[in-house]
Amino acid sequence: MFLSMIFFMLYGFPVAFSLGAAGLFFGIIGVATDHFAQGFLAALPHRVLGIVSNDLLLAIPFFTLMGAILERCGLAEDMLEGMGKLFGRVPGGLAYAVILVGAILGAVTGTVAASVITMGVISLPIMLRYGYNERLATGVIAASGTITQVIPPSLVLVVLADQLGRSVGDMYLGALGPSVAQALIFLGFILIMSVLRPNSMPPLPPEVRGQASLRLILKVLWGIVPSLVLIFLVLGTIFMGLATPTESGALGVVGAMALAAMNRRLTWPLVREAMTTTAQLTAMVVFILIGATVFTLVFQGMDGGRWIEHLLDGLPGGQIGFLIFVNIFIFFLAFFLDFFEIAFIVIPLLVPAAENLGIDLVWFGVLICINLQTSFMHPPFGFALFYLRSIAPREVTTKQIYLGAIPWLGLQLLLVGIVIFWPGLVTGMLNRGPAIDPSTVEIVTPGVGGLGGGGLGGGLGQPPGLGGGLGQPPGLSAPGSSGAQPPAAPAPGTPGALGTPPGLQPAPAPAPAQPGGLGLPPGLQPAP
């Protein structure tokens, strides 16, 4: 099934239809050869209906529309220009500005294309004009754009939360630590390179950067403060429990329109282009998800999921061995597949094995998200490199762009290793509630205990100390007895006759040859 899917895609078929065709083709073969039950295919319409009616997936068009509006409203230009002048007096100052603006844009837009194209158009010509190394300039722009995939509100985290069955809020909280760590790793790399090779990233000349005046600082704040407000509007409402991810995405769209209006760029052509981009991306995601559910339904019906689960459970090294193998597998798979295909096809097959090994699925999902950054950075299908190639000057060759991405690819893999061996970077942000030791839990069921004894449970759910007979009210004797006193219990330690509990005695039996009255078994008499 996997080989046929790859063949379809290499032939040029769209991914969604390749997945659906491979699934249906092998489903028909499985039914014809009795390897696949027809009942599985009967569940297909219900799975498709579940996809198109999933409220969580509504967050994807909202966040996409928000990013598309902000991409065109001039927010990134203001931040890049201000920060470039503010940091331009030190070696690598423009690179620092690109990384910081990329992180802020990632928290605001959530899309790689918007970050890479915007920063490439604005900062790449300036970097090349003032002596930056081509590989360094293209690499830092591509890497700072792909950090968007880890920083909430990332679309990758929304998709992974849906596939893992975890809340988007938990995924966002778990990703906060790694996203900050990724930005710090990038900044640290620029700092080291500025010391070792300062000529590859010289400071801007004084006539370009100007003076660090109050006006320049206010200009930087004018770009940052509205962005922070929008970030709180989107993420703060989720973390505080005030809104669902879908609702916060709608709030983000309203905030993005307000920012565009503040910059006097909220026009009908802008909104129309943003809506067109959103509709195209949303349709692509839904079709891929429908194709993937056809593929995985047949794959699971053929016991492929059980085969993969047994295969991965037998890996040496326990949790660490499993995580290392999965991340290497996804790293190489990302050479050929987009993160949507990986999330919809591969992740559902890995979840059972991860749960059997006791791996926290939020940790697992954030780790996969960090790894999926690399799918935008490495050839031959790194989308960030494609975006950069489309806007880079002709003198910058494709070879330089690819070679410039390699060091940053290593820095992304470094974060993967850090998160594998330090899971607290992800799980430390999550509120797990009070820990309970199962060995200390004692279950007490009221009304169950000794029968008839003082201070012990009453018979069959009656209050303690009252020995009503077989469903009668407490303190009442059996029919035919005089008074309302319960029957006397035997002496302590005397067992009840015929296996009955102490304190309960059966009725006296008749003569051996005499049957019970009214068809009752021998030894039981009706009430007088």
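Since this is a predicted model, take the numbers as computed values, not measurements. Hydrogens, waters and symmetry mates play no part in the numbers below; they use all other heavy atoms, side chains included.
- Between atom CG of residue L228 and atom CD1 of residue I104 there is a gap of 6.5 Å, rounded to the nearest 0.5 Å.
- Each ring-ring contact (aromatic ring centres under 6.0 Å, His included) pair with one or both residues in residues 231-283, not counting sequence neighbours, would appear here, but there are none.
- With a 6.0 Å radius and a threshold of 12 heavy atoms from other residues, nucleotides or ligands, M275 has its CE atom at or below the threshold.
- Counting heavy atoms of neighbouring residues, nucleotides and ligands inside a 6.0 Å radius, atom CZ of R197 does not exceed 12 of them.
- At most 12 heavy atoms of other shown residues, nucleotides or ligands fall within 6.0 angstrom of atom CZ in F287.
- Rounded to the nearest 0.5 Å, atoms CD1 (I151) and SG (C369) are 10.5 Å apart.
- Counting all heavy atoms, side chain and backbone alike, A142 lies closest to L388 at CB-CD2, 4.3 Å.
- The CG atom of D162 sits 12.5 Å away from atom CG of L157, with the distance rounded to the nearest 0.5 Å.
- Here CZ of R135 is found 11.5 Å from OG of S200. Values are rounded to the nearest 0.5 Å.
- Expressed to the nearest 0.5 Å, how far CD1 of I418 lies from CG of L425 amounts to 8.0 Å.
- Classified by interplanar angle (parallel below 30°, tilted 30° to 60°, perpendicular above 60°), the ring pair F189/W408 is perpendicular.
- Between E134 and E395, the shortest heavy-atom contact is OE2-O, 3.9 Å.
- Atoms CD1 and CZ, from I420 and F364 in turn, are 10.0 Å apart once rounded to the nearest 0.5 Å.
- Between the side chains of T146 and Q412, at least one donor N or O lies within less than 3.5 Å of an accepting N or O.
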